[in-house]
Amino acid sequence: MIGQILYALPFLWHGFLITLAVSGLVVVISLVVGVALGVGLVYGPLPLRLAVRIFSDTIRGIPILVLIFFVYYGLPAIGLQLDAFAAAVLALTLFKVAQVVEYVRGAIASIPAGQAEAAKAIGLTFAARLRYVIFPQATRRFLPPFVNGVTDAVKGSALVSLLGVTDLMHAINQVIGRTYDALPLYLLGAVIYFLVNYALSSLSRRLERRYAFIRE
Amino acid sequence: MIQSTQGGAATHAPLLAIEGLTKSFGKVEVLRSVDLGVAKGEVVTVIGPSGSGKTTLLRCVNFLETYDSGSIRIDGREVGYKDAGGRVRRGERELAGIRADTGMVFQSFNLFPHLTAAENVMLGLRKVRGKSKAEARAAAEHWLSRVGLGHKADSLPGELSGGQQQRVGIARAVAMEPKILLLDEITSALDPELVGEVLEVVRSLAAEGMTMLMVTHEIAFARDASHRIVFMADGKVAAAGPPSEVLAAASHNQRLGAFLARFRASHF
Ligand SMILES: Nc1ncnc2c1ncn2[C@@H]1O[C@H](COP(=O)(O)OP(=O)(O)O)[C@@H](O)[C@H]1O
Ligand SMILES: [Mg+2]
């Protein structure tokens, strides 16, 4: 069994890097886009709010697997042909953006109206109110679900193997295809996913402590 | 001591001039043509039953609430709308500038929980008044000492008692050196034993000539600390004048009499 694992490690290492790349891209892009759209959903003009609301509800209503297949096999019909990696990242990102939008909306909504009013009363403009009063407090509410969502993204990235992207999951399956011994490799895969996510959860707890300025 | 400025104060062009102010929430008319002036250095207290529109009136002055018609001018300048009689809302920067000159202290304190007491006071000084960090810090320490909290400058709001939080709220407002200070039932959320320390700060600001428009249920305090008392009922000014006159008018003004009687029964 040790021998099998040693044999498999180089293959898995490459897959592992792909998994990290997919997860990293999805998380970073969805964070930037999701925060922008989330702020638009809360403060934007009505047409923007409607558009974001419809986008978010639609995406969240579709199983992620369907979304992945739709982007990869469906979009070519309208002339958008993406390779497997790009399609997988796009689909997972759309899904994650919709989640981030909701986290942002919830985080901002949880700040009492009196905070914005006190900020107005000392003469802060809209942008300054967000930057110095609303966002620092909303961040605290936003982080726990978001970091949870990051671990979801790492786990969910395994779905890209279905499009033939050689991520950790796909690499595991390839090795099993050669050695015909599934159990040790799936165990190893589980351990690797677990370690990554355990590290992320620890980070999350550290962040939460750092932002725990409000005594409750 | 305060009484002595009373005669002169009312005769000058008021610093705050509210004329024919009306405001509805949907179908409910909350303010029905309110006229009220506050002269520079004057302390005016608004009393009245719950729901009579006191909070709404104060919020309109700071344009936290839009108003339907009438005008609110501070130093001759319309608060929320570009003058010219139109109803064109002022831009964000202009509004912010006007609000910076109008201090507000809230019933629920509304301190920024992620900032220390000093940082609460410094934020407006830094980002609105453009002071350097050192200047803002010095001003914050000055004002915190003024409200008796020099030693709590680096405490977070969550580490302070309600009375202390409210005093930080006052320091945050007055540090901006506003033309007028608006105080909406600032002791209503406090335990009775903490009310005194906050009122004491208000009293000393009044003695220094700070212009104030306040809402309070502390009738005894209103009587001692204000130049004029305005009694509101049903969105209108039902009685106004020097404290002694307004409180004496209770004998022939039925609404006011009923209000004060209920008050004495429940609060004294
Ligand atoms: N945001 C709002 N939306 C709808 N109605 C409101 C709102 N704020 C206040 N009101 C109503 O306006 C009336 C006056 O309220 P308020 O100004 O708070 O009175 P007071 O401060 O004298 O108790 C009340 O009937 C209240 O229910
Ligand atoms: Mg009120």
Side-chain angles (χ1 to χ4, degrees), chain A residues 35-36 38-40 42-49 103-104 106-147 204-216, chain B residues 55 58-59 61-65 80 91-116 119-130 155-160 165 168-169 171-178 180-184 189:
Chain A
V35 167
V39 171
V42 179
Y43 297 108
L46 187 62
L48 177 62
R49 296 208 306 266
Y103 301 155
V104 169
I108 294 176
S110 75
I111 313 296
Q115 289 294 308
E117 292 183 349
K120 279 182 187 171
I122 55 171
L124 293 179
T125 57
F126 175 70
R129 293 198 293 274
L130 290 190
R131 176 157 171 209
Y132 301 112
V133 175
I134 305 299
F135 284 173
Q137 298 183 61
T139 301
R140 176 174 172 273
R141 306 273 176 195
F142 171 79
L143 276 178
F146 176 71
V147 179
S204 138
R205 275 192 295 276
R206 281 241 291 284
L207 281 173
E208 276 171 51
R209 267 201 299 278
R210 210 189 122 197
Y211 280 86
F213 45 76
I214 302 170
R215 295 206 316 193
E216 283 169 320
Chain B
T55 294
L58 254 58
R59 290 170 58 84
V61 173
N62 213 358
F63 209 61
L64 291 177
E65 212 71 77
E92 180 65 22
R93 292 216 144 265
E94 260 187 319
L95 268 182
I98 291 174
R99 285 187 182 127
D101 287 339
T102 316
M104 185 143 195
V105 184
F106 300 85
Q107 179 175 347
S108 49
F109 323 144
N110 295 351
L111 293 185
F112 307 128
H114 59 301
L115 301 178
T116 64
E119 288 166 343
N120 265 273
V121 181
M122 289 164 68
L123 185 59
L125 298 175
R126 300 259 291 133
K127 304 304 168 190
V128 179
R129 296 286 186 235
S155 300
L156 288 169
E159 298 162 349
L160 301 175
Q165 287 190 53
V168 175
R172 178 175 67 180
V174 293
M176 297 295 289
E177 298 180 21
I180 183 168
L181 194 58
L182 308 170
L183 310 152
D184 187 10

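Interface remark: B:Leu125 contributes no atoms to any contact with chain A (heavy atom separation under 4.5 Å). For chain A, the nearby part of B:Phe106 is the side chain; its heavy atoms alone come within less than 4.5 Å. Interface remark: B:Arg59 contributes side-chain atoms only to the contact with chain A (heavy atom separation under 4.5 Å). Using a 4.5 Å cut-off between heavy atoms, B:Ser108 makes no contact with chain A at all.
Taking chain A as the reference chain and counting heavy-atom pairs below 4.5 Å, the highest number among B:Leu123, B:Val105, B:Thr102 is found for B:Leu123. Here A:Ala119 is the residue among A:Ala128, A:Ala113, A:Ala119 with the most heavy-atom pairs under 4.5 Å with chain B.
The number of heavy atoms from other shown groups lying within 6.0 Å of CZ (A:Arg49) is above 12.
Rounded to the nearest 0.5 Å, atoms OG1 (A:Thr125) and CG (A:Leu130) are 9.0 Å apart. The NZ atom of A:Lys120 sits 6.0 Å away from the CG atom of B:Leu64 when rounded to the nearest 0.5 Å. The CE atom of B:Met122 sits 15.5 Å away from the CZ atom of B:Arg129 when rounded to the nearest 0.5 Å.
Both the sub-6.0 Å distance and the 45° axial angle are satisfied by B:Arg172 relative to the ring of B:Phe112.
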